Amino acid sequence: MRNGAKRSQAVAFGAIRFLSVLTIVILGLILGFILFKGLRYSSVERGTVLAMAEREPDGFVVVVNAGRDMETASWDELYGMFSDEYINWAKLDGGADDLLPVAVDPASEDGAAVEAFLFGSEDAGGYPLWGGLVRFAPTAAEALAIVASTPGAVCVVAADSVVAADGVVPSAAAAGAGGVKTLGIRRLAVAINSDVSDFVGDSYLEDLSDDDLEGLFSGRIRNWAELGGPDLAVAPLAPPEGGALAAAWERAGLSGSGGGSADSGAEGMAAYLSGLYDTSGAVGPAFALDASLAGIPTAWLTRRVSGWNLTPRFILEAPRLSGKTGGISSIILNTLFMVLLTMAMAAPIGVAAAVYLVEYARDGRVLALLRLGTETLAGIPSIIFGLFGFLFFVDVLGFGFGLLSGSLTLTLMILPTIVRSAEEALKAVPRSMREGSLALGATKLQTIGRVVVPAAMPGIATGVILAMGRAVGETAALIFTMGSDYQLADGLFSSARSLSTHVYLLFAEGVSFDKAFATATVLVVVVLGINLAAKRVISSMSRSGAARQGNA
Amino acid sequence: MMSEAETAFSIRGLDLWYGKSQALKSVTADLPARSVTALIGPSGCGKSTFLRTLNRMNDLVGGVRIEGSVLYDGVDVLSPSTDVIDLRKRVGMVFQKPNPFPMSLYDNIAYGPRVHGVKDKARLDDVVESSLVRAALFDEVKDRLHESALGLSGGQQQRLCIARVLAVEPEVVLMDEPTSALDPISTAKIEALLDELKRDYTIVIVTHNMQQAGRVSDRTAFFLLGELVEYAATKELFFNPADERTENYISGRFG
């Protein structure tokens, strides 16, 4: 009998322990996952060039202002900078500056060489497509001077002219000497014969991973069908030996089969490219510009990239391009304004209502109705509050989408929470406390104001803080009422975006998965911070209720 | 019934109902000023109710109906036109459980004067000190007046509550079993305090403890089932009870 009781107690104890450990593990998993995803990004990048960067492609260097947050550029990006595809740095390095492409005047000898480098020589079928933004400088030295003094400038010059101009060796320039640095250029692509890249029936060549490339050039993958392409034998071609392409290919670490033609001159190159063009199933390395001039398609390549997601810059910078680049500083501030405004309205009203309900209202129908009302309101989905806020504040009262409409809606939403918790806190103040005050000849109002509410303060503060957490985390009620402008709000009627709305929009509009997680991490940390701060406030409050009374 | 002393409370035909149950039945008594009157009787006999009628604390309970008259210093305590705030200022109360406010010792005692409009700091300091001295607590707490009152021991808290009452300069102090939640040493301190206080104050004390009533009080009233069975000088009531029920109670046959 006794043993049985002992055993069932042990079982119950074990179950309780298991469940509590499980809860902690689940909590840890959630927090850990969000923090992990928020701190580090790891995503698949898709492009047509390999990751390997060249500092001096064909004897040229790409120079940018030393302040740019960019180390390498793909050939497409470089080409786009000089042909008006980009007008600012937002899509390049996430910066806010306008783009200023600078080149040496093509009428000069130096300039003509740069033109041929960027757009291809006329012999090879190139055609200069200078964009309207490009500023031409008479000499390489002047072009470099412009880059050194303009944050958004970029220029291409012959490598020896950098040394000649002001003694800046390109590699040393990376250290910031002369206010400029060089960009590595990624231009090595994988050219494939058009028979492979074309649609054949419903089969189409997949994007190629590093592993696929290794398989193609090592002979492991023998038929394109293995990669989703047409039923063609793989014919890997090697670039002419001794040339720039072979050197780059060597560095890319894929030159397994080796043994290209020995002619590294223009003719050997032309023969290699026509081999790619003509041979069914052919695949081989080619510089992006050469491939496009020769009319050979290049394969889509994918690789996994990872790095720091949540950086100080992310917190301190304003968002750009709907949050795709830049940070969330303005959104953090908007959230702060929203919460302050909401609490300034909700806390006094909620506490006053609770005082009325507990201290003054007589039990009866009206009170029961009020209680039912607050309880029901507390359970209504926030999106309903959003709809109401949209109709009433945005439309009927004409406040428009903005901080005020959003905060008013949030106030309505969290009021029941505050009222309920403040009610409980006030009810928990012992009757003896009230009697003690009344027996000293204090009026009811004095008793409430000086004894009951201060005594209930820790409980009231807890409720207010919890409500605050709810306000910070609210999304649905804000979408219809506060708008979604990610700039810093400049007034009560200014449309603004809170952190949680930002997470939602980044995700829902497919702007950036990584930024959504980074923002979520900030949001989690903010809520955690609020809770910890609240705990400290409350514990210091309950340690000595003395400080408030203005003694001594 | 009345002795030579001056009368503080004059109670005539007091009936009190909580809803339908009658808690006090036609109580008539005169409580003398500047002495200690003890109210004894078994639980639920109406002694606390009687005490709380004297400063209208029963107003806070719903469904109370009172008939009869209670005169204090010529004022009709029960009249709706009586200034309850003023009455409670003159007739203070100490409760069964110590109920210090969650604030510092200083603020606890200054609370009463403050709600009655005293703002002058020097005067508040004086009141706080003299009240603590009279409640025999000053020496124990003088170094921590600005610490939370909740850190005091139970006995100290109860003396703090007495000091808090004294700070509003009452004429009467009602005590509702003030030592029932305390240890014997604290109880002894408070009993000694009562002896001091009765020189200046009228004290009415409810107690469960007959020895205590015997030790501290000048007159004792015995309540049973809402009835004031016997009311006499303490010695007389204990050694020569007129009523058989009183004798049964004090000799421990019930209660």
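Any value given below was found using the heavy atoms of this structure, including those in side chains, with hydrogens, waters and symmetry copies removed. Chain letters run A, B, ... following the sequence lines, proteins first, then strands; residues in each count from 1. The structure displayed is predicted, hence computed values, not measured ones.
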J.: Does a sphere of radius 6.0 Å around CG in Leu22(A) hold more than 12 heavy atoms from other residues, nucleotides or ligands, not counting ones at 6.0 Å or beyond?
T.: yes
J.: Can you tell me which portion of Arg434(A) sits under 4.5 Å from chain B's heavy atoms? Options are side chain, backbone, both or neither.
T.: neither
J.: Relative to chain A, which segment of Val91(B) carries a heavy atom at a distance below 4.5 Å: side chain, backbone, both, or neither?
T.: backbone
J.: Which heavy atom in His116(B) sits nearest to a heavy atom in Gly441(A), and how many Å separate them?
T.: CE1-O, 3.2 Å
J.: Where does Val165(B) contact chain A at under 4.5 Å (heavy atoms): side chain, backbone, both or neither?
T.: both
J.: Side chain, backbone, both or neither: which part of Pro100(B) has an atom under 4.5 Å from a heavy atom of chain A?
T.: backbone
J.: Counting only heavy atoms from other residues, nucleotides and ligands, does the tally under 6.0 Å from NZ of Lys427(A) exceed 12?
T.: yes
J.: Just wondering, are more than 12 heavy atoms of other shown residues or ligands nearer than 6.0 Å to CZ in Phe13(A)?
T.: no
J.: Roughly how far, to the nearest 0.5 Å, is the CG atom of Leu440(A) from the NZ atom of Lys89(B)?
T.: 11.5 Å
J.: Of all heavy-atom pairs between Arg114(B) and Arg450(A), which one has the smallest distance, and what is that distance?
T.: CB-NH1, 3.6 Å
J.: Counting only heavy atoms closer than 4.5 Å, note whether Arg164(B) contacts chain A via side chain, backbone, both or neither.
T.: both
J.: Side-chain contact, heavy-atom cut-off 4.5 Å: Gln96(B) with Ser432(A)?
T.: no
J.: Other residues, nucleotides and ligands only: do more than 12 of their heavy atoms fall within 6.0 Å of CZ on Arg123(B)?
T.: no
J.: Do Ile85(B) and Thr443(A) come close enough that some side-chain heavy atom pair is under 4.5 Å?
T.: yes
J.: So how far is it from Arg88(B) CZ to Glu435(A) CD, rounded to the nearest 0.5 Å?
T.: 9.5 Å
J.: For Lys444(A), I'd like to know if atom NZ has over 12 heavy atoms of other residues, nucleotides or ligands within 6.0 Å.
T.: yes
J.: Sequence neighbours left out, what passes ring pair (Phe, Tyr, Trp, His ring centres under 6.0 Å) with Phe95(B)? Give chain and number order.
T.: none
J.: Quick check for you: to the nearest 0.5 Å, what is the distance between Thr447(A) atom OG1 and Tyr111(B) atom OH?
T.: 4.5 Å
